[in-house]
Amino acid sequence: MDEKLAFQMRQISKYHGRLKEVAQTSSEDYLNNSILQSATERYLQLCIESCINVGNRLISMLQVNQQFEVPKTYADVFRELEKHRITQDLEPAMVEITKFRNRLVHVYWDISPEVVYNIIQDNLEDINRYLKQIALYVSENNL
């Protein structure tokens, strides 16, 4: 496997694991711990950015032999992966999580701890499915 791709996939797995640990925390404990909230926001940002990096790397590797449009936005990365059937039924979820990443980075002062907690409760499986679908595609295509 391409080393850059493998590294980014390991990053997703690492951050996803940390977020799953936080997801085991009760809502009350999470909302009363500002350090945990800040760490969770950062892990979520890094996890999403690693998903974007994996998609970008895969697209750049495949552009040699296939007609991929160069993604203009981070959300476009997931649209291209879906369009070329590298992922299935993940585009809407990954586009939404990418929008949230943009809020984490650019409008961080307006992030509600409740929203972050709900995301780690409800959306981590989308990231896990993304990682699994990418790993399957890479394996089946000897990348």
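Residues: numbered from 1 along the sequence shown. None of these values were measured; they are calculated from a predicted model. Reckoned from all heavy atoms, side chains included, excluding hydrogens, waters and symmetry mates.
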Closest approach of [X] and [Y], non-hydrogen atoms and distance?
{"X": "Ala23", "Y": "Ile120", "result": "CB-O, 3.7 Å"}
{"X": "Leu90", "Y": "Asp126", "result": "CD2-O, 3.8 Å"}
{"X": "Ile111", "Y": "Leu104", "result": "CD1-N, 4.0 Å"}
{"X": "Met1", "Y": "Val138", "result": "CE-CG1, 3.6 Å"}
{"X": "Asn123", "Y": "Asn118", "result": "OD1-O, 4.2 Å"}
{"X": "Gly55", "Y": "Tyr130", "result": "N-OH, 3.3 Å"}

Give a yes or no on this: more than 12 heavy atoms of other residues, nucleotides or ligands lie within 6.0 Å of atom [atom1] of [X].
{"X": "Lys83", "atom1": "NZ", "answer": "yes"}
{"X": "Gln66", "atom1": "CD", "answer": "yes"}
{"X": "Lys14", "atom1": "NZ", "answer": "yes"}

Output yes when a side-chain donor or acceptor of [X] lies under 3.5 Å from a complementary backbone atom of [Y], and no otherwise.
{"X": "Glu69", "Y": "Glu80", "result": "no"}
{"X": "His16", "Y": "Leu124", "result": "yes"}
{"X": "Asp76", "Y": "Thr73", "result": "yes"}
{"X": "Arg129", "Y": "Asp89", "result": "yes"}
{"X": "Gln133", "Y": "Gln88", "result": "yes"}
{"X": "Ser139", "Y": "Ala135", "result": "no"}
{"X": "Glu82", "Y": "Glu91", "result": "yes"}
{"X": "Tyr137", "Y": "Ile86", "result": "no"}

Do [X] and [Y] have side-chain heavy atoms sitting under 4.5 Å apart?
{"X": "Tyr108", "Y": "Val105", "result": "no"}
{"X": "Gln63", "Y": "Val70", "result": "yes"}
{"X": "Leu58", "Y": "Leu5", "result": "yes"}

(request) Kindly determine whether Val77 and Leu81 satisfy side chain to side chain contact (heavy atoms under 4.5 Å, CB included), including the steps that lead there. (result) CA-CA 6 Å; Val77 170; Leu81 294 175; 4.3 Å; yes
(request) For the pair Phe100 and Leu44, evaluate side chain to side chain contact (heavy atoms under 4.5 Å, CB included) and give the outcome as yes or no after the intermediate values. (result) CA-CA 9 Å; Phe100 189 74; Leu44 187 56; 3.7 Å; yes
(message) For a side chain to side chain contact (heavy atoms under 4.5 Å, CB included) check, start with the C-alpha distance between Thr40 and Tyr30, then their side-chain angles and the critical distance, and finish with the verdict.
(response) CA-CA 10 Å; Thr40 303; Tyr30 178 82; 3.5 Å; yes
(message) Check this for me: does any side-chain nitrogen of one of Arg10 and Glu3 sit under 4.0 Å from a carboxylate oxygen of the other?
(response) yes
(message) Any salt bridge linking Arg18 with Glu21? Criterion: basic side-chain nitrogen under 4.0 Å from a carboxylate oxygen.
(response) no
(request) Start with the C-alpha gap between Phe78 and Ile52, add the side-chain angles, then the distance that decides, and say whether side chain to side chain contact (heavy atoms under 4.5 Å, CB included) holds. (result) CA-CA 8 Å; Phe78 302 107; Ile52 294 164; 3.9 Å; yes
(message) Suppose we screen for side chain to side chain donor-acceptor pair (under 3.5 Å). Which residues come up paired with Asp29, at least two apart in sequence or across chains?
(response)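 Listed in chain order: Ser26.
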